[in-house]
Trainee: 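Got a structure for you, written out below as structure tokens; questions coming shortly.
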Amino acid sequence: MVAKHEEFIAVMAVLDEDTQKKLQALRNALICAYGPDTETADLPFHITLGSYAPEDEAVTVSRIRALATASAPVSIRFSGLKLVGTNVRYMAPVLDKGLKQLHSHFDSDYANGYPDWLPHASVYRHALPAGETLPEEIVAMAEKIRDARITALELGAFGPLRHICRAKLEK
């Protein structure tokens, strides 16, 4: 098994403002029901596309900017609220052609987060009691979040968190 790297940079597909608001409302409902969130609140809601070594920052910034200039926003559809591991609730995007193509430009897992790419938009990190089911109103709220758009690419450093660049999809 390959060890996880503590410091890395990650390319994130940032979701549109309307979806940001809906996911924040969902996060707030989960916080009200279960307590503080330990997810990184300083980040926009996003789907991580790939991770790289910190020394790859300059070339990754160039790749992000070039792709953003040549790309239009990407429409995605969420299939629902899911759980990864024992404590991360996320919205699962349908893995369609547009999302696969965007990911193909950044298909690297330097951080060793997942052996296979698991596209997801983390909403809430918590410690629910084993076997606990979510309240109906939270499930219903999540079910209403279906269509979204990826409108920007962002590069961030982790260990510690640092915003490096953001480029809007402009074509």
Trainee: Answer yes if the side chains of Asp16 and Gln20 hold a donor-acceptor pair under 3.5 Å, and no otherwise.
Mentor: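 Gln20 and Asp16 do not have a side-chain donor-acceptor pair below 3.5 Å.
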
Trainee: Side chains of Val139 and Thr133: does their closest heavy-atom pair fall under 4.5 Å?
Mentor: no

Trainee: How about Leu43 and His163: do any of their side-chain heavy atoms sit closer than 4.5 Å?
Mentor: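 SC-SC contact between Leu43 and His163 confirmed.
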
Trainee: Over 60° means perpendicular and under 30° means parallel, so classify the ring planes of Tyr34 and Tyr124, tilted if in between.
Mentor: tilted

Trainee: Are Ile150 and Val14 close enough, and set up right, to give a side-chain contact (heavy atoms from CB on, under 4.5 Å), and what steps lead you there?
Mentor: CA-CA 5 Å; Ile150 295 168; Val14 179; 5.9 Å; no

Trainee: Donor-acceptor check, side chain of His103 to backbone of Gln101, threshold 3.5 angstrom: yes or no?
Mentor: no

Trainee: Partners of Glu143 by salt bridge (Lys or Arg N to Asp or Glu O under 4.0 Å), sequence neighbours excluded?
Mentor: Arg146

Trainee: Could you check if a side-chain atom of Leu153 sits within less than 4.5 angstrom of a side-chain atom of Met12, using non-hydrogen atoms only?
Mentor: no

Trainee: Run the side-chain contact (heavy atoms from CB on, under 4.5 Å) check on Thr48 and Phe106 step by step: do they pass?
Mentor: CA-CA 9 Å; Thr48 301; Phe106 303 103; over 6 Å; no

Trainee: Decide side-chain contact (heavy atoms from CB on, under 4.5 Å) for Asp37 and Arg27; before the verdict, give the C-alpha distance in whole Å, the side-chain angles of both, and the deciding distance to 0.1 Å.
Mentor: CA-CA 8 Å; Asp37 180 12; Arg27 177 181 280 166; 2.8 Å; yes

Trainee: If you compare all heavy atoms of Ala68 against all heavy atoms of Ala167, which two are closest, and at what distance to 0.1 Å?
Mentor: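 Nearest heavy atoms, Ala68 then Ala167: CB-CB, 3.5 Å.
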
Trainee: Just so I know, are the side chains of Leu102 and Leu67 near enough to count as touching, which here means a heavy-atom distance under 4.5 Å?
Mentor: yes

Trainee: Looking at Trp117 and Asp109, would you say the former's side chain and the latter's main chain have a donor-acceptor pair under 3.5 Å?
Mentor: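 Checked: no pair found.
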
Trainee: How close do Glu7 and Gly159 get, heavy atom to heavy atom, and via which atoms?
Mentor: CG-O, 3.1 Å

Trainee: Take atom CD in Glu136; do more than 12 heavy atoms of anything else shown fall under 6.0 Å from it?
Mentor: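 Atom CD in Glu136 is not packed in, count stays at 12 or less.
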
Trainee: Would you check, one step at a time, whether the test ring-ring contact (aromatic ring centres under 6.0 Å, His included) holds for Tyr52 with Tyr110?
Mentor: CA-CA 5 Å; Tyr52 298 87; Tyr110 175 83; 8.4 Å; no

Trainee: Show your reasoning for whether side-chain contact (heavy atoms from CB on, under 4.5 Å) applies to Leu30 and Leu134.
Mentor: CA-CA 9 Å; Leu30 286 160; Leu134 293 174; 3.9 Å; yes

Trainee: Strictly by side-chain hydrogen bond (donor to acceptor under 3.5 Å, both in side chains), give each pair with a member in residues 67-80 just once, sequence neighbours left out.
Mentor: Arg77-Asp147

Trainee: Enumerate the salt bridge (Lys or Arg N to Asp or Glu O under 4.0 Å) contacts for residues 148-167, please, sequence neighbours excluded, ordered by first and then second residue.
Mentor: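 Counting only pairs at least two positions apart or across chains, the salt bridge (Lys or Arg N to Asp or Glu O under 4.0 Å) contacts touching residues 148-167 are Glu57-Arg162, Glu154-Arg166.
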
Trainee: Determine yes or no for a side-chain-to-main-chain donor-acceptor pair under 3.5 angstrom, with Asp96 supplying the side chain and Leu99 the backbone.
Mentor: yes

Trainee: Has Thr19 got a side-chain atom pairing as donor or acceptor with Leu15's backbone, closer than 3.5 angstrom?
Mentor: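 Absent.
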
